[in-house]
Amino acid sequence: MNVRRSAAVLAAVAVIGAATPAAAAPSPSPSQAFPSALYGDKDPRYDGVWRQSLALLAQHTVGVKPAAKSVEWLVRQQCADGSFAPYRADPTTACDAKTMVDTNQTAAAIQALTALGGHDAVTGKAVTWLKSVQNKDGGWGYTPGGASDTNSTSVVIGALTAAGEKPEQVGKGGKSPYDALLTLALACDGEDAGAFAFQPDKKGELAANADATAAGVLGALGKGMVVKPGAKTDAAKGQACEDKSKKTPEQVAANGAGYLTEALAKDGHLTSPTPGSDPQPDYGNTADAVVALAAHGDTGQAEKSLRWLEKNSAPWAAQNGPGAYAQLIFAAHATGTNPRDFGGTDLVKQLNATGPAPQTAGKTRAADEKSDSGVFGVWWYVGVCLVAGVGIGFLFSGRRKRQQP
């Protein structure tokens with residue numbers, strides 16, 4: 001996640017069972033004020049920790065030192081058992097059985113705080129909690145005890161890797177996270193060959209999900225949200241999906257990359273089915289797919305889709321705020337593109353403008369706000385709930401993701 005159609009937000013909506021339409025949420029009352037340390041000005045109840053984590057991780061990725069109070073806000077969101085909830089208005093109040101903690105927010109916080117450094121105690125407790133709620137199939141659901149899904153399992157794998165763990169050695173009932181992902185990968189027969197499903201449906205069948213596939217490729221590769229630019233190859237182009245007698249994480253990652261390449265080849269972007277209307281471009285999941293392809297080394301299609309995002313994603317990012325800017329920064333970083341000149345837009349400047357001035361950008365904060373006030377006002381109060389638009393993901397998605405959290 002949202003900000004992004006990530007496993008986090010989509011799943012959150014699915015799990016919480018929001019009664020309000022996905023396109024709208026309660027507007028903040030005049031007396032309601034969100035913490036000044038928080039990035040974004042929309043209701044943080046479903047994705048506060050998720051978007052804060054993405055914002056801080058993106059800043060670190062481009063060499064910007066986040067505001068100390070923003071990092072401290074994230075740290076204080078942790079519950080005593082190590083888990084994180086999307087948003088705790090009063091972190092001095094202990095978490096209880098009613099606190100909606102989840103694996104996605106926790107895994108995102110681990111990735112951000114590990115990158116920033118100096119928070120080993122916090123991330124250590126978070127990793128311990130994640131291990132304690134691992135399912136017997138080796139995977140994770142959005143909430144503790146929930147059925148394993150590709151997005152949640154993959155974001156946790158990224159967190160484990162970031163924290164120095166070896167995901168293949170983190171097991172439950174003899175199963176590792178990779179075992180869970182293998183069961184969620186589609187076979188090579190049919191038009192959706194090689195894709196990942198979010199979760200099996202009620203009949204136990206798997207349906208291709210582009211958002212889950214992007215997450216699954218990263219997860220199967222043992223990667224987190226931030227990946228280094230891959231070698232400029234185009235291995236997935238024309239690559240046939242392969243079903244071997246014994247599936248491996250590497251093979252299902254390659255199959256998933258092939259599926260994404262084909263899905264992106266026509267228009268350069270993924271689409272999001274919108275009830276009652278024609279499918280619309282899915283900017284967030286396209287950015288995630290770019291990262292996944294780059295991580296696998298399939299930079300040809302990744303760079304083509306990155307160019308499409310440069311031309312078309314500005315309105316979407318402005319509407320969705322810090323999480324969206326972070327996703328685009330991750331995609332730019334993965335392809336070796338300068339995020340400060342992203343189709344003429346400075347993504348770093350736009351991200352910084354959605355929250356407290358970073359320690360390395362304090363002198364330019366006033367200028368940034370002035371230049372952006374007409375279009376990207378820092379604290380524009382449009383009280384709408386994070387749209388779980390693209391299905392899943394995340395969760396973030398499906399998120400959340402279509403199937404969904």
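- At least one side-chain heavy atom of Lys42 sits less than 4.5 Å from a side-chain heavy atom of Gln319.
- Across Leu57 and Ala115, no two heavy atoms sit closer than the pair CD1-CB, 3.6 Å.
- Between the Thr106 side chain and the Phe84 main chain, a donor and an acceptor come within less than 3.5 Å of each other.
- Salt bridge present: Arg45 and Asp43 bring a charged side-chain N and a carboxylate O closer than 4.0 Å.
- Ser305 places no side-chain N or O within donor-acceptor distance of the main-chain N or O of His269, the cut-off being under 3.5 Å.
- Val227 and Ala295 make their closest contact through CG1-CB, 3.9 Å (heavy atoms, listed as atom of the first residue, atom of the second, distance).
- Considering only heavy atoms from C-beta on, Asn209 stays 4.5 Å or farther from Thr150 through its side chain.
- One finds the CG atom of Leu347 at 9.5 Å from the CG atom of Asp341 (value rounded to the nearest 0.5 Å).
- When side chains are defined from C-beta on, Ile329 does not count as touching Phe342, because their heavy atoms never get closer than 4.5 Å.
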Intermediate values then yes/no, side chain to side chain contact (heavy atoms under 4.5 Å, CB included), Leu264 and Leu293:
CA-CA 11 Å; Leu264 291 165; Leu293 288 179; 3.7 Å; yes
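- The NZ atom of Lys228 sits 8.0 Å away from atom NE2 of His333, with the distance rounded to the nearest 0.5 Å.
- Two residues are said to be in side-chain contact when any heavy atoms from C-beta on lie closer than 4.5 Å; Pro35 and Lys69 fail this criterion.
- With Asp201 contributing its side chain and Gly204 its backbone, the two residues share a donor-acceptor pair below 3.5 Å.
- For the residue pair Ser176 and Pro167, the shortest heavy atom distance occurs at CB-O, 4.1 Å.
- Gln359 places no side-chain N or O within 3.5 Å of a backbone atom of Ala67 that could act as its donor or acceptor partner.
- Judged purely by atom type and a 3.5 angstrom limit, Arg88 uses its side chain to pair as donor or acceptor with the backbone of Thr93.
- In this structure, Val101 and Pro144 approach most closely via the heavy-atom pair O-CD, 3.8 Å.
- Between the side chains of Asn255 and Gln251, at least one donor N or O lies within less than 3.5 Å of an accepting N or O.
- Taking CD of Glu168 as the start and CG of Asp179 as the end, the distance is 11.0 Å to the nearest 0.5 Å.
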How far apart are the C-alpha atoms of Val252 and Leu182, what are their side-chain angles, what is the distance that settles it, and do they pass the side chain to side chain contact (heavy atoms under 4.5 Å, CB included) test?
CA-CA 7 Å; Val252 295; Leu182 294 179; 3.7 Å; yes
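- Classification of the Phe34-Tyr87 ring pair by plane angle, with boundaries at 30° and 60°, yields perpendicular.
- Side-chain atoms of Thr286 come within 3.5 Å of backbone N or O of Leu270 as a donor-acceptor pair.
- Counting heavy-atom neighbours within 6.0 Å of Lys175 NZ, excluding the residue itself, gives a total of 12 or less.
- Within the 4.5 Å cutoff, the side chain of Glu165 has heavy atoms near those of the Lys131 side chain.
- Comment: Glu310 engages Arg307 in a salt bridge, judged by a side-chain N to carboxylate O separation of less than 4.0 angstrom.
- One N or O on the side chain of Ser70 and one on the backbone of Ala37 form a donor-acceptor pair closer than 3.5 Å.
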I'd like to know whether Thr103 forms a side chain to side chain contact (heavy atoms under 4.5 Å, CB included) with Thr153, so could you lay out the CA-CA distance, the side-chain angles of the two residues, the decisive distance to 0.1 Å, and finally the verdict.
CA-CA 9 Å; Thr103 61; Thr153 299; over 6 Å; no
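- Note that CG of Leu54 is 10.5 Å distant from CD of Gln52, once rounded to the nearest 0.5 Å.
- In plain terms, the two heavy atoms of Gln111 and Gly158 that are nearest each other are NE2-C, 3.7 Å.
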Assess the residue pair Val155 and Trp140 against the criterion (side chain to side chain contact (heavy atoms under 4.5 Å, CB included)); give the C-alpha distance rounded to whole Å, side-chain angles, the decisive distance to 0.1 Å, and a yes or no.
CA-CA 9 Å; Val155 74; Trp140 285 266; over 6 Å; no
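- Rounding to the nearest 0.5 angstrom, the gap separating the CD atom in Gln327 from the CG atom in Asp288 is 4.5 Å.
- Side chain of Asn104 to main chain of Ala107: no donor-acceptor pair is present (N/O by atom type, distance under 3.5 Å, no hydrogens or angles).
- With hydrogens and angles disregarded, a donor-acceptor distance shorter than 3.5 Å links the side chain of Gln78 to the backbone of Val122.
- Although no hydrogens or angles enter the test, the distance criterion places a donor-acceptor pair under 3.5 Å between the side chain of Thr354 and the main chain of Leu351.
- The distance from the NZ atom of Lys166 to the CG atom of Leu160 is 13.5 Å, given to the nearest 0.5 Å.
- Counting only heavy atoms from C-beta outward, the side chains of Met225 and Thr61 never approach each other to under 4.5 Å.
- Residues Gln59 and Tyr39 have side chains that bring a donor and an acceptor to within less than 3.5 angstrom of each other.
- For the pair Val156 and Pro177, the minimum side-chain heavy-atom distance is 4.5 Å or more.
- Considering only heavy atoms from C-beta on, Tyr259 stays 4.5 Å or farther from Val217 through its side chain.
- For the pair Pro91 and Ala89, the tightest heavy-atom approach, listed with the atom from each and the gap, is CD-O, 3.5 Å.
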